[in-house]
Amino acid sequence: MCGIVGITSNKSVTSMIINSLRKLEYRGYDSSGIATLYNGSINEVKCEGRVDTLEKNLNKTKLSGNVGIGHVRWATHGIPSTLNAHPHSSENVSVVHNGIIENSTILKKILVKKGHVFKSQTDTEVITHLITEYLKKNDLKNSIIKILQDLKGSFALGIIFKDQPDVIVGARRGSPLAVGYGPKENYLGSDSYALKSMTNKVSYLNDGEFCIIKKDNIDFFDEKGKKVNKKILELSSNENNYDKGEYKHFMAKEIDEQPITIKNCINEYIDKINNDINIFNFPWKSDDISSIVLIGCGTAYHSCLMAKYWFEQLTSLDVSVDIASEFRYRKNRFKKDALYVFVSQSGETADTYGALDLCNKNNMKTCSVVNVVESSIARDSKFVLPIHCGPEIGVASTKAFIGQMLVLYLLCIKIAKSRKDISKDIFSEKIKSLKSLSGLIKESLKTENEIQSICNSFIEAKGSMFLGRGYSFPIALEGALKLKELAYVHAEGYPAGEMKHGPLALIEDGMPVVVLAPRDKYYKKTISNMQEVIARGAKVLLITNKSKDEVYSENIWQTIEVENTSEDLFPFLVTVPLQKLAYYSALKKGYDIDKPRNLAKSVTVE
Ligand code: F6R
């Protein structure tokens with residue numbers, strides 16, 4: 001989960017690499033580095049910390065050169081430090097790497113025996129020494145073919161060479177890699193986002209491929225070295241979304257954008273004239289599907305879990321949900337009549353991609369719900385449902401979560417209607433409710449002031465719990481995840497009905513507990529569970545919906561009310577105050593909200 005950039009040009013590339021690295025910081029930011037070729041020798045500058053620090057160091061050394069590679073790191077092998085930062089260079093080559101080399105220990109032993117001296121604790125350095133070794137007896141192309149045969153694991157590589165004045169080699173196995181075409185210069189990037197400020201013309205490497213990039217030409221090869229042709233794709237331009245505008249943080253902007261992103265997504269999918277949902281060219285008949293398997297990681301997994309409740313409620317399909325890292329290594333019973341749905345904002349998450357790949361290899365029906373339509377998961381699934389919410393830059397996922405839930409809900413009611421699991425009238429009612437969703441989310445954003453006044457209790461407490469039943473349970477998990485990843489406080493999401501089976505022991509006097517209880521079919525049961533935690537001293541923040549009926553309970557610490565909507569859509573409305581709770585808790589603690597520690601936007605390691 002690191003960011004790679006490479007540029008070969010007829011002018012100095014240092015500042016362009018720095019600009020691209022800034023864009024890639026969402027992938028990792030514990031250390032950074034850059035190497036260029038200047039006057040026939042490789043020079044590098046590296047540091048622990050962010051690109052800002054790297055830039056200051058570069059200004060001191062005045063690094064120049066017309067070909068170069070840069071890297072932002074999210075540590076896997078070895079602590080974040082200057083020594084472990086990429087690039088890793090020998091006299092002859094310099095390498096940046098994203099991913100993990102699984103056989104690095106064995107390869108290192110062999111190379112040490114041959115006299116190579118290692119400086120870092122990383123697995124990457126093995127690649128540097130390995131190519132250096134092969135280049136003694138082979139040309140560049142054959143050296144690359146040979147190292148790709150030797151390396152086990154998943155990786156994306158960018159390499160420059162002392163003796164090849166304008167060449168960058170890119171190679172991909174498992175981790176994504178894009179190349180970009182510019183005027184008298186060409187680029188390499190771990191995603192197209194890194195290249196967007198320089199070009200909108202890109203190609204993507206497929207698994208096992210490598211490329212030789214020169215400033216006026218790019219050649220692509222398969223793992224055996226046979227030339228392959230590539231389509232040049234044009235990226236859409238929506239630069240405004242890459243700007244924070246008046247906001248202090250992307251996360252705040254992205255939370256507030258949700259009414260618009262919901263509206264955009266609804267406009268994309270709902271056919272207002274025919275009151276239908278447009279899902280064109282879906283490759284399978286709904287009668288050929290009897291079960292659905294939803295797969296994702298982190299927040300995306302929570303949207304899958306949410307969808308399980310909807311699919312079970314509204315369709316007759318068998319539904320299961322899986323965490324991608326578990327699914328891909330279990331003994332799965334693949335079912336021909338199952339639809340496998342992969343949910344991922346970035347479309348690059350290694351585990352989700354691995355699960356998709358496994359299903360594709362078993363010839364399953366694969367469909368993805370993604371935000372980044374140019375991503376590996378989108379490209380390799382048989383059908384794609386974009387969430388249309390624009391770039392999400394804040395590392396913690398907010399508008400993409402809402403977008404994923406929306407698209408999964410649309411898919412659910414579309415399938416329910418085609419299978420005649422719900423009547424046309426019920427379908428129409430659901431479409432009608434969806435049309436008001438954007439406005440209702442706007443109202444949920446107004447809970448901001450109440451949230452700001454109570455977040456101190458969450459950051460000062462030893463820990464907190466988030467409880468919900470049914471439709472509110474996945475949202476409770478998501479609320480707890482947001483608080484822990486941003487405010488670095490312990491928070492746990494739990495099904496409210498499970499508390500009495502052990503976790504009630506955690507409730508102490510004054511412990512903040514969020515209870516999600518919109519007035520749906522679970523409401524009364526959840527309120528009973530809420531009373532159980534209040535009786536043990538919890539300070540309860542109840543999130544429910546506006547109603548003329550009072551909540552039948554005493555000693556509730558705080559209540560936040562969202563608008564009324566249909567049962568299915570409450571999850572969208574109760575999510576928003578929880579996003580704000582996490583945001584303001586982190587803000588009060590002075591943390592780096594858009595780049596929380598130990599998390600990256602695109603988790604491209606297993
Ligand atoms: C949490 C968060 C992560 C991601 C997870 C999957 O806020 O951002 O939990 O949801 O890493 O990422 P995608 O959706 O890109 O597959």
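First listed ligand is number 1; within each ligand, the first listed atom is number 1.
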Quick one: do the S397 and T299 side chains pair a donor with an acceptor below 3.5 Å? no
R330/D322 salt bridge by N-O under 4.0 Å criterion: yes
Counting heavy atoms only, which of T299, V395, L486, V343 comes nearest to atom 4 (C) of ligand 1? T299
Closest heavy-atom approach to atom 7 (O) of ligand 1 among E348, E485, Q345, H302 is made by E485
A300 neighbourhood, listing ligand 1 atoms whose heavy-atom distance to it stays under 4.0 Å: 10 (O), 14 (O)
Just by distance, no angles: are the side chains of Y471 and D520 close enough, under 3.5 Å, to form a donor-acceptor pair? no
Out of all atoms in ligand 1, which are within 4.0 Å of some heavy atom of S344? Include the element for each. 13 (P), 14 (O), 15 (O), 16 (O)
Enumerated ligand 1 atoms positioned under 4.0 Å from heavy atoms of K482: 1 (C), 7 (O)
Give a yes or no on whether K484 atom NZ has more than 12 heavy-atom contacts from other residues, nucleotides or ligands under 6.0 Å away. yes
I'd like to check which ligand 1 atoms, numbered from 1 as shown, lie under 4.0 Å from a non-hydrogen atom of S397. 7 (O), 8 (O)
Within the 4.0 Å heavy-atom shell around A396, which atoms of ligand 1 are there? 7 (O)
Close-contact set for ligand 1 against G298 heavy atoms, below 4.0 Å: 9 (O)
Answer whether the closest heavy-atom distance between the side chains of K580 and D256 falls below 4.5 Å. yes
Any donor-acceptor pair under 3.5 Å linking the side-chain atoms of S81 with those of E48? no
